[in-house]
**Student:** 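Before anything else, here's the structure in question.
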Amino acid sequence: MRTFLIALALLVVLALVPADLTGLGLPYPGLKRYGTYILTLWLVTAIAAMGVNLIVGYAGQETLAQAAFVGIGAYLTAIAGKHGVPFGISFAASGLLTFVIGIALGFPALRVQKHYLAFVTLAFSVLCWLVFRNETAITGGVMGLRDIERPILFGLKLRNAQTFYWFVLAITAVMTFVLWWIVQSPWGRAFTALRENPLRAESLGVDVRLYTLLAFALGCAYGGMAGSLYAPLVEFIDPSPFALGPSLLFMLMVVIGGSGTFAGPFVGAGVAVLLPEWLRAWETWYLLIYAALVMIMMALFPGGIVGLARVSVRKRQP
Amino acid sequence: MTARLEVRDLSKAFGGVAAVQGVSFDVRDGEILGVIGPNGSGKSTLFNCILGQLLPSAGTVALDGSDVTGLRPSTLNRLGVSRTFQLLQVFPRLTVRENLILAGQEHRGSRLGRLFGARDAGLGPEADRMLEFFRLGALAHEQAGSLSYGQQKLLDAAMAFMSGSRLVLLDEPAGGVNPTMLAGLRDRLAEINRVGATFVVIEHNMEFVMSLCTRLIVLAEGRIIAEGSPAEVRTNAAVIEAYLGH
Ligand SMILES: Nc1ncnc2c1ncn2[C@@H]1O[C@H](COP(=O)(O)OP(=O)(O)O)[C@@H](O)[C@H]1O
Ligand SMILES: [Mg+2]
């Protein structure tokens, strides 16, 4: 119940962040268009990062292809949109397709052994990037696809930055709830067990291979659905955000935020989205500073930012 | 009557080392079969081959008359065979009660049903009963990793019974447990056996084995060198030679 109330309060605050509250007598003018855009980007990134957290933090596997799955969802939604397919269908199809690809990649990989999935996703990531770049007739190649339409919800146009933000916020809330439900259910207990001690988990009837596969495919689906939201958000896509580098960045986000913690992906995505904004003045130094930060974080606080926050809260309590 | 478990000509080699060589035995319904033998005689390897942890080099394993050789451990567990490992294997970051619920949950309903069902998979009352039975009730909500070694050993054993398995294989359940707790563990096992579970127990502690088991097999260098009641085994010349004597 308490968790529910906290979540609700958070949701209300998040919904109000971009809004102009001066009409309500509060001295808060809201966010400008760009600020709202960054906030939306944070949510979309967090959805994909939640997927990585499920794979890395809960099932103990590695994925180097999350950005590619985001790309699949983004291209599917953009291309389908140009043929008049409603967003709802593209969104569902993005989730389903990436889930099925996740099963197809994970099934053979997880039969072998632990780090195989890292190699398979690495290869898949490169393959996707080549397809995005070279299949010019479908994807527009390096020129990309422009003028991607924002969806219309029950006749309500979501063109406006703020309305689109609320739309993404609502979807994020639902997807967060779904993941929370899974992690709290007996499945979550099985995930914890197979990550801590797969041998013992298996001997207690936990089908380690199947659970890992499901976690991986679900994580991929979160990537695909994030991509489906990403395309109408940015309104123009090209292959670069779906390359191997951004896939690695998703892993870093989860680690920085706190792998295996529920809030970790949101914190990590926040850092990944906001840091480039803050460090904009530093331009080329940005990646260097980011990399240094990650290394310092990892050396000093292996539990990530959420882990660090937990430790400091515990210290304050007598 | 078919035996609960039939092991036939089971062998396992690691490279050149023949850890288990042509071992055959039955486990009868309701008995407590003890497996003894010097260190390195192949006891744990035998368990691992029976339970699908290792693929045997040769031989077969049958459960209630049907062949289960080479099935995966989780499948065997769901068919009703539980085990413990020689080295302590609880989940240190889960609470004691969560450890028990985990140990039973995969036997409850369907996987999809568990996703939408109760958080404790309906196993709360059973876990509490098991906690009381193993005298761990006061520790229910402690992290398993914070328990003493002996308490963790008890929990480890208790987990093997959460699935309602009728055949349980225990690998050195008494190892490193203090004498008071040991007597408690033996009494618990004897009690569970009385209500219908069949056991195979690997153990070094002779007193424990002799007072708990109804029948013994003795391994040396991967082969069975003697078999019989505790009294028979105790006086067997080959056993004294290989194991008890020195
Ligand atoms: N995974 C393994 N790889 C190689 N050799 C092993 C392995 N497991 C056990 N052995 C060897 O097999 C023999 C039997 O070991 P084990 O079954 O553990 O004996 P016990 O449980 O009776 O002490 C020993 O010689 C041991 O070194
Ligand atoms: Mg052993």
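Letters go in sequence order (proteins before strands), and every chain restarts at 1. Only a predicted model underlies this, so the values are computations on that prediction, with no experimental measurement involved.
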**Student:** Is it the case that more than 12 heavy atoms not belonging to Arg111(B) sit under 6.0 Å from its CZ atom?
**Tutor:** yes
**Student:** Ignoring hydrogens and geometry, is there a side-chain-to-backbone donor-acceptor pair from Glu106(B) to Asp207(A) under 3.5 Å?
**Tutor:** no
**Student:** Do Val271(A) and Met253(A) come close enough that some side-chain heavy atom pair is under 4.5 Å?
**Tutor:** no
**Student:** Checking heavy atoms, do the side chain of Asp156(B), its backbone, both or neither come under 4.5 Å from chain A?
**Tutor:** both
**Student:** Counting only non-hydrogen atoms closer than 4.5 Å, does Glu98(B) touch chain A with its backbone (N, CA, C, O), its side chain (CB onward), both, or neither?
**Tutor:** both
**Student:** What parts of residues 40-59 of chain B touch chain A if we use heavy atoms and a cut-off under 4.5 Å?
**Tutor:** Gln53(B)
**Student:** If we define contacts as heavy-atom pairs under 4.5 Å, which of Gln89(B), Met159(B), Arg119(B) has the most with chain A?
**Tutor:** Arg119(B)
**Student:** Rounded to the nearest 0.5 Å, how far apart are CZ of Phe177(A) and CD1 of Ile182(A)?
**Tutor:** 10.5 Å
**Student:** Is it the case that Glu202(A) and Ser74(B) place a side-chain donor and acceptor less than 3.5 Å from each other?
**Tutor:** yes
**Student:** Check whether Met162(B) gets within reach of chain A through its side chain, its backbone, both or neither, counting any heavy atom under 4.5 Å.
**Tutor:** neither
**Student:** Got a second to check how far Leu194(A)'s CG is from Leu204(A)'s CG, nearest 0.5 Å?
**Tutor:** 12.0 Å
**Student:** Indicate, with yes or no, if the rings of Phe250(A) and Phe69(A) have centres closer together than 6.0 Å.
**Tutor:** no
**Student:** Do any pairs count as a ring pair (Phe, Tyr, Trp, His ring centres under 6.0 Å) and have a residue in residues 78-112 of chain B, sequence neighbours left out, and if so which ones?
**Tutor:** none
**Student:** By a 4.5 Å heavy-atom criterion (distance strictly below it), what part of Arg108(B) contacts chain A: side chain, backbone, both, or neither?
**Tutor:** neither
